[in-house]
Amino acid sequence: MMQQSARSSSESYFWPTIWAVGLHVLMFAMLFVSFHFAPELPPAKPIVQATLYQLKSQSQATTQTTQKIAGEAQKTAARQYEAEQLEAKKAEQQKQEEQKKTEAAKQQAEAAKAAEAKKAEESKKAEETKKAEEKRLADVAKKKAEEEAKKKAAEDAKKKAAEDAKKKAAEDAKKKAAEEAKKNAAAAEAAKKKAQEAARKAAEDKKAQALADLLSDTTQRQQALADEVGDQVAGNFDDLIRQYVSQSWSRPPSARNGMHVVVQINMLPDGTISNVAVAKSSGDGAFDSSAVTAVRNVGRISEMAGLSPRDFNPYRSFKMTFTPEDLDL
């Protein structure tokens, strides 16, 4: 009877204990769920509250069973708490690792960005340096080209000046040679003319000398003519010649009384005066030229054509003396 009563008491505490354990499990489950969905908070020390109800009528077996169940529940709760703490720690570590990865990725991105910026800056500086070097080389090339152009221009100018000088020297030499040749030709021509004139004058002088030897003066010539053709014939032709010359003579301003010029006259058988030259000058060139011109202007004395060769012979080459008084001046 008492044994049945004891069993009934044990059975009467069994279900409350189960309910208490279940309640604790439910509480731990709710804590676990709330831990996952709640914001992260610093880990807190677990608080385990266990309520043991000691009944006066509990037996030692019941008490041991209850204690055993409570111990198992505490172990289970402790393991559950450790598991939860481990999961929380793993989650925290995972979160920290993710944060580290994120931070590392961010730092890597910033480093990559900085490296890219640095690379771009270096590329920009390199480009600027390259452009500056290219500009410097272009300036050097331009300056060198300008110097080469100036040098070439100076050389061309010098060469042209030398060519011009050479050309001018050649032209001057050619001109000088032409002038020398012309001068020599003129001198040769003058010398030739002078020689011809000298020869002609020598011939005339020779003839005049021969006639002068024959007729030393006008009186002797008239006497000789008188001996040959008579005084009247010689005098008539002398007067005729003097008359023609007087008519064609123009008195020069320098002519004065007392002047006299001897002219050599050559005449052809028909009365044409072929040559007139000064045999003895008066000392006044104008008067001498006027006498020669006057004789030349006579041109031809037609009356001489009727003379016989013997009568004309003294007039082939003869001298006549002219004075202003003789020409009725």
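Positions are given from 1 along the sequence.
Among residue pairs with one or both ends in residues 275-290, none qualify as salt bridge (charged side-chain N to carboxylate O under 4.0 Å, His left out); sequence neighbours excluded. Sorted by first then second residue, the salt bridge (charged side-chain N to carboxylate O under 4.0 Å, His left out) pairs that include residues 130-155, not counting sequence neighbours, are Glu133-Arg136, Lys135-Asp139, Lys152-Asp156. Within the structure, side-chain hydrogen bond (donor to acceptor under 3.5 Å, both in side chains) pairs that include any residue of residues 111-123 do not occur (at least two apart or interchain). Among residue pairs with one or both ends in residues 100-110, none qualify as salt bridge (charged side-chain N to carboxylate O under 4.0 Å, His left out); sequence neighbours excluded.
Considering only residues two or more places apart in sequence or on other chains, Thr102 meets the side-chain contact (heavy atoms from CB on, under 4.5 Å) condition with none of them. For Gln96, the side chain to side chain donor-acceptor pair (under 3.5 Å) partners at least two apart in sequence or on another chain are Glu92. Scored by the side chain to side chain donor-acceptor pair (under 3.5 Å) test, Ser289 finds no partners at all (sequence neighbours excluded). Legend: residues meeting side chain to side chain donor-acceptor pair (under 3.5 Å) with Ser302, ordered by chain and number and at least two apart, are absent. In this structure, the side-chain contact (heavy atoms from CB on, under 4.5 Å) partners of Glu303, at least two apart in sequence or on a different chain, are Phe237, Leu240, Tyr244, Ile301. Asp270 pairs by the side chain to side chain donor-acceptor pair (under 3.5 Å) definition with Thr272, not counting sequence neighbours.
Two residues are said to be in side-chain contact when any heavy atoms from C-beta on lie closer than 4.5 Å; Arg242 and Met320 meet this criterion. The shortest side-chain heavy-atom distance between Phe312 and Met304 falls under the 4.5 Å cut-off.
Counting only distance, with no hydrogens or angles, the side chain of Asn297 and the backbone of Thr293 share a donor-acceptor pair below 3.5 Å. A donor-acceptor pair under 3.5 Å is absent between the side-chain atoms of Arg310 and the main chain of Leu307, judged by distance alone. A distance-only check finds a donor-acceptor pair linking the side chain of Ser290 to the backbone of Phe287 [under 3.5 Å]. The main-chain N or O of Asn266 is never found under 3.5 Å from a side-chain atom of Arg316 such that the two would form a donor-acceptor pair. Between the side chain of Ser282 and the main chain of Val261, no donor-acceptor pair closer than 3.5 Å is present. For Arg79 (side chain) and Ala83 (main-chain N/O), no donor-acceptor pair under 3.5 Å exists by modelled atom type.
Rounding to the nearest 0.5 Å gives a distance of 9.0 Å between CD of Glu128 and NZ of Lys125. The CE atom of Met259 lies 5.5 Å from the OG atom of Ser254; values are rounded to the nearest 0.5 Å. For the atom pair Met267 CE and Ile273 CD1, the distance stands at 4.5 Å (nearest 0.5 Å). For the atom pair Phe318 CZ and Tyr315 OH, the distance stands at 7.0 Å (nearest 0.5 Å).
Hydrophobic clustering (ILVMFWY, side-chain heavy atoms < 4.5 Å, transitive): Ile265 and Leu268 are in distinct clusters.
Other cluster members for Leu23: Met27, joined by side-chain heavy-atom distances under 4.5 Å among Ile, Leu, Val, Met, Phe, Trp and Tyr. Cluster note: Val262 groups with no other residue, as no ILVMFWY side-chain heavy atom lies under 4.5 Å from it.
Among the candidates Glu84, Glu82, Lys90, the single residue satisfying the side-chain contact (heavy atoms from CB on, under 4.5 Å) test with Leu86 is Lys90.
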